[in-house]
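First the structure, in the form of structure tokens, and then the observations on it.
We count residues from 1, following the sequence as given. Atoms within a ligand are numbered from 1 in the order they appear, just like the ligands themselves.
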Amino acid sequence: MTSKPGSPFPSGFVITTPRLRITPLDPTNEAHCTFLAHLWNTDLFFRSCGRTSVLDTRSASDFITTRVLADYARNKHGMFLVSLQEQDPMSLQPIPIGTVSLLKGAPPNRHYLAPDIGYAILPEMNGKGYATEAAKELIEWAKAELGITGVFGFCDARNLHSRRVLEKIGMEFRGIAALEMFGGAVSAVCTLPGMSEDLSVYGLTEDIRKE
Ligand SMILES: CC(C)(COP(=O)(O)OP(=O)(O)OC[C@H]1O[C@@H](n2cnc3c(N)ncnc32)[C@H](O)[C@@H]1OP(=O)(O)O)[C@@H](O)C(=O)NCCC(=O)NCCS
């Protein structure tokens, strides 16, 4: 199977869970771009993650080209589309419901040495366990296929649903820190079990206070 231009993943690459499909984002796929623009412009997304440069199909395609494909090329992981296994009866395509990501920054920007898990699910699909199912499986895939052992989970301490997802996928709460990578945003810091007590070994040198 051949890769799409700019993507290290073979055509047809998919990570599956009982209910979901996790697939690479493709800047030339209009359905992917339209969906990302829709998801990232919901009130729920604005409230928890703020506004982004992704405003419409075209800016979503630019974002996937410049940011997502660059992450794939650099790390072999990044942001993925989450779709239901069941197909849309009209288009016969899986129905997109969100994104799940393992993101790691790079120099010259502030970055940590372990990726962090992230997710966004359409508001009308919340509360069904989809973010938990997708995040858990992406981490399992990254452990098995990429040999990743350290993963961070960061979220605004007031984002109780996101915090609950981190708990449900088995992450351990380590404390609260103002994270330079996110412009000093105060965040709950969680890690996979088994990671070093000393988070500076992963490049996280900010002060961590227990809640
Ligand atoms: C955070 C987010 C991804 C959760 O997605 P989700 O698919 O609803 O998550 P899950 O169903 O796996 O679990 C979330 C927890 O919050 C609860 N929850 C989520 N939506 C809920 C709702 N509308 N009403 C009540 N509880 C809700 C769930 O019940 C669950 O806890 P529980 O299993 O103890 O009941 C989603 O709300 C979202 O996309 N928010 C905007 C983006 C965001 O905040 N991303 C994280 C940035 S760090």
Polar contact flag, side-chain donor to acceptor under 3.5 angstrom, [X]-[Y]:
| X | Y | answer |
| --- | --- | --- |
| Ser200 | Asp198 | yes |
| Thr191 | Tyr202 | no |
| Tyr112 | Glu180 | no |
| Thr17 | Glu137 | no |

As an exercise, identify every atom of ligand 1 less than 4.0 angstrom from a heavy atom of [X].
| X | answer |
| --- | --- |
| Lys128 | 11 (O) |
| Cys155 | 48 (S) |
| Phe154 | 48 (S) |

Quiz item: Taking the side chain from Thr42 and the backbone from Phe45, do they hold a donor-acceptor pair closer than 3.5 Å?
Solution: yes

Exercise. Without swapping roles, check the side chain of Arg74 against the backbone of Lys104 for a donor-acceptor pair under 3.5 Å.
Key: yes

Just to confirm my output: which protein heavy-atom neighbour is closest to [atom], and how far is it?
| atom | answer |
| --- | --- |
| atom 15 (C) of ligand 1 | Arg164 CG, 3.7 Å |
| atom 40 (N) of ligand 1 | Leu44 CD2, 3.5 Å |
| atom 48 (S) of ligand 1 | Ser162 OG, 3.3 Å |
| atom 43 (C) of ligand 1 | Ser48 OG, 3.6 Å |
| atom 45 (N) of ligand 1 | Tyr119 O, 2.8 Å |
| atom 26 (N) of ligand 1 | His161 NE2, 3.6 Å |
| atom 29 (O) of ligand 1 | Gly127 CA, 4.3 Å |

Say whether [X], considering both its backbone and side-chain N or O atoms, lies within less than 3.5 Å of an N or O atom on ligand 1.
| X | value |
| --- | --- |
| Ile121 | yes |
| Ala131 | yes |
| Ala120 | no |
| Gly129 | yes |

Quiz item: Of the choices Ile169, Val100, Leu166, Asn126, which has the non-hydrogen atom that lies closest to atom 36 (C) of ligand 1?
Solution: Asn126

Quiz item: Hey, would you say the Trp40 and Phe46 ring centroids sit under 6.0 Å apart?
Solution: no

Quiz prompt | Side-chain heavy-atom pair Leu103, Asn75 within 4.5 angstrom cut-off | solution = no

Exercise. Take atom 11 (O) of ligand 1 and look for protein heavy atoms under 4.0 Å from it; say yes if you find one, no if not.
Key: yes

Quiz item: Protein heavy atom under 4.0 angstrom of atom 2 (C) of ligand 1, is there one?
Solution: no

Practice problem: Would you sort out whether Arg58 and Asp56 count as a salt bridge (Lys or Arg N to Asp or Glu O under 4.0 Å), showing the intermediate values? | Solution: CA-CA 6 Å; Arg58 189 182 178 141; Asp56 52 22; over 6 Å; no

Exercise. May I ask you to check if Arg163 and Phe173 form a cation-pi contact, with NZ or CZ under 6.0 angstrom from the six-membered ring centre and within 45° of the axis?
Key: yes

Practice problem: Just do the ring pair (Phe, Tyr, Trp, His ring centres under 6.0 Å) check on Tyr72 and Phe80 with the steps written out, would you? | Solution: CA-CA 10 Å; Tyr72 291 165; Phe80 296 87; 5.5 Å; yes

Please work out, at 4.0 Å between heavy atoms, whether the side chain, the backbone, both, or neither of [X] comes within that distance of ligand 1.
| X | answer |
| --- | --- |
| Asn159 | side chain |
| Lys168 | side chain |
| Thr132 | both |

Quiz item: Within a reach of under 6.0 Å around NZ of Lys76, are more than 12 heavy atoms found that belong to other residues, nucleotides or ligands?
Solution: no

